Amino acid sequence: IQMTQSPSSLSASVGDRVIITCRASQAIRNELGWYQQKPGGVPKLLIYAASRLESGVPSRFSGSGSGTDFTLTINNLQPEDFATYYCLQDCAYPRTFGPGTRVEIK
Amino acid sequence: EVQLVESGGGLVQPGGSLRLSCTSSRLTLSNYWMTWVRQSPGKGLQWVANINEDGTVEHYADSVKGRFTISRDSAKNSLFLQMNSLRADDTAVYYCARDRNYVDSGTWYDVFDNWGQGTVVTVSS
């Protein structure tokens, strides 16, 4: 299963709402997670099962979607949110990540 | 808080082998599915392989199938990745991750909630 993300990068300001899209090459129900990775850092789980917020993750992060189209929304973007975001399908093997979306400071 | 520690990375020539290890002083790894994920320099994340709790089920990315073997040793509380026939494009940071799993209505979801800091593998002559 191929995963695509759009945009590949974006510039945003603190306080903005950011929407990242992930698309699967075939239907994956809601079997998708979102991970955040800061430069030089380790990936961090944000969302699993498409919309379930991982414990400890701020509520400004939310996920939605089912089938082939998914979104990660970040409301009220904070300075610590500038990072690269990856989706990961866990519907079929081999698991596949999207190419990532880099969120930069405007 | 990182609770997984990888080791075994290094510089190896093309065609060579390396064995990566992942261990934890706080987590009992045999209670979980475990996964290896890698990241080539300046690139995105790539899922590599996973293994179930008792080591009887394994899955691999197409790019490593037949060359890499994932295994575990519950007595040593360790996860391993044996990498043979290494190629330049295997150069990456290799992360191990715990899969906490989430089950809802019979569907199992991957939940990679704990990651190591990674170990660097460089394949070059």
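Letters A, B, ... are given to chains in the order of the sequence lines, protein chains preceding strands, and every chain is numbered from 1. Values in this document were obtained by computation on a predicted structure and should not be read as measured data.
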Heavy-atom closest pair, residues P94(A) and A61(B):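 Taking P94(A) first and A61(B) second, the nearest heavy atoms are CB-CA, 4.0 Å.
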Exercise: identify the closest heavy-atom pair between P43(A) and W115(B):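 Taking every non-hydrogen atom into account, O-CD1, 3.4 Å.
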Report the distance from atom [atom1] of [X] to atom [atom2] of [Y], rounding to the nearest 0.5 Å.
X: D99(B); Y: R95(A); atom1: CG; atom2: CZ; answer: 8.0 Å
X: L88(A); Y: Q46(B); atom1: CG; atom2: CD; answer: 12.0 Å
X: C91(A); Y: Y109(B); atom1: SG; atom2: OH; answer: 9.5 Å

hydrophobic_cluster_shared for V57(A) and V18(A), side chain cutoff 4.5 Å: yes
Common cluster, Y86(A)/M3(A), ILVMFWY with side-chain heavy-atom separation under 4.5 Å: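 Unlinked, Y86(A) and M3(A) end up in two clusters.
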Mutual orientation of the aromatic rings belonging to Y102(B) and Y48(A) [parallel < 30°, tilted 30-60°, perpendicular > 60°]: perpendicular
Y93(A) and W47(B) aromatic ring geometry - parallel, tilted or perpendicular at 30°/60° bounds: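 Geometry flag for Y93(A) against W47(B): tilted rings.
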Does any heavy atom of chain A fall under 4.5 Å from the side chain of [X], the backbone, both, or neither of them?
X: F112(B); answer: both
X: K43(B); answer: backbone
X: T107(B); answer: side chain

Chain B contact via E54(A) - side chain, backbone, both or neither, heavy atoms under 4.5 Å: side chain
Backbone N/O of D90(A) and side chain of D110(B): donor-acceptor pair under 3.5 Å: no
Options V37(B), V111(B), D113(B), D62(B), ranked by heavy-atom pairs under 4.5 Å with chain A, top entry: V111(B)
Top of N50(B), V48(B), V93(B) for chain A proximity - count of heavy-atom pairs under 4.5 angstrom: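 Ranked by contacts with chain A, first place is N50(B).
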